[in-house]
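Please read the structure below before turning to the comments.
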Amino acid sequence: QVQLVESGGGLVQAGGSLRLSCAASGRSFSTYTMGWFRQVLGKEREFVAAVRWSGGSPDYADSVKGRFTISRDNAKNTVHLQVSNVKPEDTAVYYCAAGFRARRDRREYGYWGQGTQVTVSS
């Protein structure tokens with residue numbers, strides 16, 4: 001079992017930055033792929049970024065590539081999403097997720113946090 005708690009969301013102006021964090025508790029955190037997804041009310045939850053258990057081979061959605069950076073610290077059981085040069089279309093609830101050998105499909109992730117709201121003003 002893994003419990004996930006996100007933090008760091010808020011209101012930011014277009015072009016600004018935020019750092020989202022996800023604290024994990026439970027066993028075997030370091031064995032899971034960690035991902036970030038986002039969801040706008042009325043739309044499906046979409047993949048944003050993921051990082052494998054080793055911290056290598058980060059993967060990004062095309063819409064955020066070059067602007068967002070995912071990282072993890074297995075010693076501290078945390079994963080971060082640095083959100084930079086934000087756009088109004090980045091406004092969403094951002095969710096942290098854990099999945100064994102997961103990739104981009106949200107169905108591959110078995111553990112989810114409660115989400116943190118990011119609102120970008122133009």
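What you see below is based on every heavy atom in this structure, not just the backbone, and it leaves out hydrogens, waters and symmetry mates. Keep in mind that what you see is a predicted model, and the values were worked out from it rather than measured. Start at 1 with the first residue, then count along the sequence.
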How would you list all residue pairs meeting ring pair (Phe, Tyr, Trp, His ring centres under 6.0 Å) that involve [range], not counting sequence neighbours?
range: residues 3-28; value: none
range: residues 23-51; value: Y32-Y111, F37-F47, F37-Y109, F37-W112
range: residues 5-26; value: none
range: residues 65-99; value: none

Is there side-chain contact between [X] and [Y], with at least one heavy-atom pair below 4.5 Å?
X: V51; Y: V79; result: yes
X: V12; Y: T119; result: no
X: E6; Y: Q114; result: yes
X: V118; Y: T91; result: no
X: L81; Y: V48; result: yes

Any disulfide bond (SG atoms under 2.5 Å apart) involving residues 24-58? Give me the pairs, sequence neighbours left out, ordered by first then second residue. none

Applied to residues 20-56, the disulfide bond (SG atoms under 2.5 Å apart) test, sequence neighbours excluded, yields C22-C96

Mind checking side chain to side chain donor-acceptor pair (under 3.5 Å) for R106 and listing every partner two or more places apart, or none if nothing turns up? none

Please enumerate all residues that pass side chain to side chain donor-acceptor pair (under 3.5 Å) together with Q82, with sequence neighbours excluded. none

Can you run down the salt bridge (Lys or Arg N to Asp or Glu O under 4.0 Å) pairs that involve residues 30-39, sequence neighbours left out, and say none if there aren't any?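 Salt bridge (Lys or Arg N to Asp or Glu O under 4.0 Å) check on residues 30-39 returns R38-E46, R38-D90.
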
Minimum heavy-atom distance between [X] and [Y], given as atom pair plus value:
X: M34; Y: A98; value: SD-CB, 3.5 Å
X: A14; Y: S122; value: CB-CA, 4.3 Å
X: I70; Y: P58; value: CG2-CB, 3.8 Å
X: S17; Y: N85; value: OG-N, 4.2 Å
X: V2; Y: A24; value: CG1-CB, 4.2 Å

Going by distance alone, is a donor N or O of one side chain under 3.5 Å from an acceptor N or O of the other, for S121 and Q13?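 S121 vs Q13: no donor-acceptor pair found between side chains.
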
Taking atom CD of Q1 as the centre, does the number of heavy atoms from other residues, nucleotides or ligands within less than 6.0 Å exceed 12?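 Counting neighbours around CD of Q1, 12 or fewer heavy atoms of other residues, nucleotides or ligands fall under 6.0 Å, so no.
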
Indicate, with yes or no, if V86 and V93 share a hydrophobic cluster defined by side-chain heavy-atom contacts under 4.5 Å among Ile, Leu, Val, Met, Phe, Trp and Tyr.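 No; tracing contacts between hydrophobic side chains, which count when under 4.5 Å, never links both residues.
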
Would you say F100 ends up clustered with L4 if hydrophobic residues are merged whenever their side chains have heavy atoms under 4.5 Å apart, either directly or through other cluster members? yes

If you look only at pairs with a residue in residues 50-60, which of them pass as a side chain to side chain donor-acceptor pair (under 3.5 Å), with sequence neighbours excluded? D59-R104

Listed partners of V40 passing side chain to side chain contact (heavy atoms under 4.5 Å, CB included), at least two apart: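 Once residues adjacent in sequence are excluded, the partners of V40 under the side chain to side chain contact (heavy atoms under 4.5 Å, CB included) criterion are K43, A92.
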
Considering residues at least two apart in sequence or located in another chain, which fulfil the side chain to side chain contact (heavy atoms under 4.5 Å, CB included) criterion with E108?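 A102, R103, D105.
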
